[in-house]
Amino acid sequence: MKALILEDDDLIAELLETVVAGLYSGVSVVLAETLGEALSQVKNNRFDLYIADRNLPDGSGLELVRQIRELDRDVPIVMVSGRSDRESVLQAAHYGIDGYMTKPFDVANLHERLGKLLKVDQSPEPPDLETLLRDSLEEVIQLPSDVDPSDILELISRQGDLSAAQLAERWREETSLTARLLDVANSSSFRRSGKPVETLRDAIGSLGVPLALNQALALSLDVSNKLQHEPLRELARAHHEAALQVAKEAQRLAIRLKKQPVLLQKAGLLSRLGELAVLKVLNQYAAAGGEIGTPDAEKALENWAQAYGNRLKVQWRLPLGVRELIGAVHFLPNDCTREERLIMRAASLLAAGQQDSEECRRLIRRIGMETDETELEKGNGE
């Protein structure tokens with residue numbers, strides 16, 4: 001089954017996607033932000049369900065409804081809108097919609113109403129979790145986030161050609177990212193003149209383009225606030241924080257060894273890709289009525305995180321060198337001599353509080369740093 005969701009608000013679009021995935025096991029969802037994108041999709045594809053926002057940047061969702069109904073009188077179409085007056089509802093009904101839903105709405109109400117509108121059995125057996133995980137692995141994986149990680153990675157791949165002004169123009173509508181960059185730029189580590197940084201462009205200029213992009217990547221990988229199931233949110237927060245700590249330790253070690261830290265920091269941020277992707281699928285399972293507690297979720301993470309991580313590395317076209325650095329966070333052969341990979345493994349152990357382990361001390365010696373207690377504890381004290 002394929003569904004098209006036309007919605008220019010990212011949060012609402014992701015909410016709709018989650019609910020549709022919960023109602024229809026194995027559904028493939030295509031998101032469109034503009035009427036033009038949706039019409040292009042309709043021209044080239046056939047969908048089994050349409051959900052369309054009424055008011056869009058480049059027109060009305062009613063135009064999409066009109067064109068669909070010229071081709072198919074029976075396919076389900078649901079309109080969502082912030083307008084609830086009688087005239088608006090009747091006008092939309094005249095175009096041949098199957099349901100009209102007004103914003104705002106929450107997950108439970110949305111799930112119930114869509115199920116009724118589309119005549120979905122409200123008490124179906126939830127999908128088999130293993131089957132869902134296996135099937136989802138074969139699809140395009142999208143992490144639910146305020147900022148698309150693949151977009152940030154594309155910018156990172158050509159960061160040498162980007163200026164602070166260009167990034168500021170691209171991100172001027174990204175409020176969460178703007179707030180994050182201003183906060184980091186105004187921290188004690190970056191404040192030089194004693195005057196606060198007040199604009200996004202100045203914040204990026206203060207941080208430098210590479211570090212600003214890594215900050216954007218860190219934000220894009222925080223999916224916890226997009227998961228509706230509380231145990232999964234807690235796990236998402238924990239894995240995101242673990243990645244941040246690995247990135248921090250990798251940066252610290254690189255600086256002490258007089259190496260460029262940006263690439264190592266990037267690898268640390270990406271070190272929990274698989275876990276975040278699995279948690280998204282588990283959230284879909286919970287939305288479909290499946291029961292999943294923390295032990296079950298942890299077992300699924302153990303069994304599937306590596307496969308999902310490898311899938312995303314390919315999907316996002318990460319360079320082989322970056323993939324190797326990410327892999328070193330989790331496992332490093334004893335005969336490995338590549339210094340960057342040694343640093344990443346050491347950073348992982350330090351981030352996990354294993355600075356006293358024999359493996360960590362051995363790695364610290366191999367990269368040419370002291371192994372006394374004071375030296376190793378600097379990662380936790382800085």
Side-chain angles (χ1 to χ4, degrees), residues 137-143 145 147-164 166-167 170-171 177 204 207-223 239-240 242-278 280 304-351 363 366-367:
L137 187 60
E138 301 304 316
E139 301 171 359
V140 174
I141 301 171
Q142 292 180 308
L143 294 183
S145 175
V147 184
D148 188 344
S150 62
D151 287 345
I152 303 301
L153 288 168
E154 189 276 330
L155 291 173
I156 290 176
S157 70
R158 55 188 183 89
Q159 60 186 280
D161 300 324
L162 297 173
S163 66
Q166 289 172 318
L167 281 183
R170 186 184 183 98
W171 291 340
L177 180 52
I204 297 171
L207 296 169
V209 167
L211 185 52
L213 286 167
N214 270 358
Q215 288 293 332
L217 181 61
L219 178 66
S220 74
L221 295 170
D222 184 2
V223 304
H239 282 290
H240 184 247
L244 292 178
Q245 289 303 315
V246 173
K248 178 181 177 182
E249 290 296 342
Q251 180 187 40
R252 182 182 72 87
L253 292 175
I255 290 174
R256 295 186 66 82
L257 293 168
K258 295 181 171 54
K259 291 183 171 293
Q260 288 295 325
V262 174
L263 180 60
L264 302 180
Q265 183 187 35
K266 171 186 170 183
L269 294 173
L270 293 169
S271 62
R272 294 295 187 275
L273 280 184
E275 287 82 354
L276 300 179
V278 170
K280 178 199 173 181
W304 290 91
Q306 182 176 356
Y308 272 82
N310 290 337
R311 178 73 173 83
L312 275 173
K313 291 172 189 175
V314 174
Q315 180 181 309
W316 289 351
R317 300 177 182 174
L318 294 181
L320 179 60
V322 175
R323 298 186 205 181
E324 290 177 342
L325 292 178
I326 295 172
V329 171
H330 306 285
F331 173 76
L332 191 68
N334 290 331
D335 59 354
C336 178
T337 59
R338 296 283 296 276
E339 188 173 30
E340 287 86 358
R341 295 172 68 182
L342 298 176
I343 291 172
M344 292 308 304
R345 181 59 183 162
S348 174
L349 295 170
L350 290 170
L363 288 169
R366 290 181 66 185
I367 61 178

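- At least one side-chain heavy atom of Lys313 sits less than 4.5 Å from a side-chain heavy atom of Ile326.
- Of the possible donor and acceptor atoms, one in the side chain of Gln166 sits under 3.5 Å from a partner among the backbone N and O of Ser163.
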Given the rule in the side-chain contact (heavy atoms from CB on, under 4.5 Å) test, do Glu154 and Arg317 qualify, once you have shown the distances and angles that lead to the verdict?
-> CA-CA 9 Å; Glu154 189 276 330; Arg317 300 177 182 174; over 6 Å; no
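- Across all non-hydrogen atoms, the minimal contact from Ile204 to Ala212 is CG2-CB, 4.0 Å.
- A heavy-atom distance below 4.5 Å is not found between the side chains of Asn310 and Arg323.
- Heavy-atom minimum distance, Ala164 versus Val209: N-CG2, 3.9 Å.
- Atoms CH2 and CD1, from Trp316 and Ile141 in turn, are 8.5 Å apart once rounded to the nearest 0.5 Å.
- The backbone N or O of Leu332 lies less than 3.5 Å from no partner atom in the side chain of Arg345, so there is not a single donor-acceptor pair.
- With hydrogens and angles ignored, the 3.5 Å screen pairs a side-chain donor or acceptor of His240 with a backbone N or O of Ala218.
- The backbone N or O of Leu325 lies less than 3.5 Å from no partner atom in the side chain of Arg341, so there is not a single donor-acceptor pair.
- A donor-acceptor contact shorter than 3.5 Å links the side chain of His330 to the backbone of Ser271.
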Taking it one step at a time, do Leu270 and Leu153 satisfy side-chain contact (heavy atoms from CB on, under 4.5 Å)?
CA-CA 10 Å; Leu270 293 169; Leu153 288 168; 4.2 Å; yes
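- One distance of note links SG of Cys336 with CZ of Phe331; it measures 10.0 Å at 0.5 Å rounding.
- One finds the CD atom of Gln265 at 11.5 Å from the CD atom of Gln260 (value rounded to the nearest 0.5 Å).
- Counted within 6.0 Å of CD on Glu340, heavy atoms from surrounding residues, nucleotides or ligands total more than 12; the atom is thus considered enclosed.
- Crowding of Arg158 atom CZ: a count of heavy atoms from other residues, nucleotides or ligands under 6.0 Å exceeding 12.
- Look at Arg366 and Glu339 and you find no salt bridge, because none of the NZ, NE, NH1 or NH2 atoms lies under 4.0 Å from a carboxylate O.
- Looking at every heavy atom in both residues, Leu213 comes nearest to Leu155 through CD2-CB, 3.8 Å.
- Rounding to the nearest 0.5 angstrom, the gap separating the CG atom in Leu143 from the OG atom in Ser150 is 9.0 Å.
- Panel note: side chain Gln315, backbone Leu312; no donor-acceptor pair is recorded below 3.5 Å.
- Rounded to the nearest 0.5 angstrom, Thr337 OG1 and Leu342 CG are separated by 7.5 Å.
- Nearest heavy atom pair, residue Leu217 against residue Ile152, reads N-CG2, 3.7 Å.
- Taking both residues in full, the closest heavy atoms of Arg272 and Ala243 are given as CG-CB, 3.9 Å, listed atom of the first, atom of the second, then distance.
- Counting only heavy atoms from C-beta outward, the side chains of Ile156 and Lys266 approach each other to under 4.5 Å.
- Nearest heavy atom pair, residue Leu253 against residue Ala346, reads CD1-CB, 4.1 Å.
- Atom CD1 of residue Ile343 and atom NZ of residue Lys259 lie 5.5 Å apart, to the nearest 0.5 angstrom.
- Under the 3.5 Å distance criterion, the side-chain polar atoms of Tyr308 are left unmatched by any main-chain donor or acceptor of Glu275.
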Is there a side-chain contact (heavy atoms from CB on, under 4.5 Å) between Leu350 and Gln245 once you walk through the steps? CA-CA 9 Å; Leu350 290 170; Gln245 289 303 315; over 6 Å; no
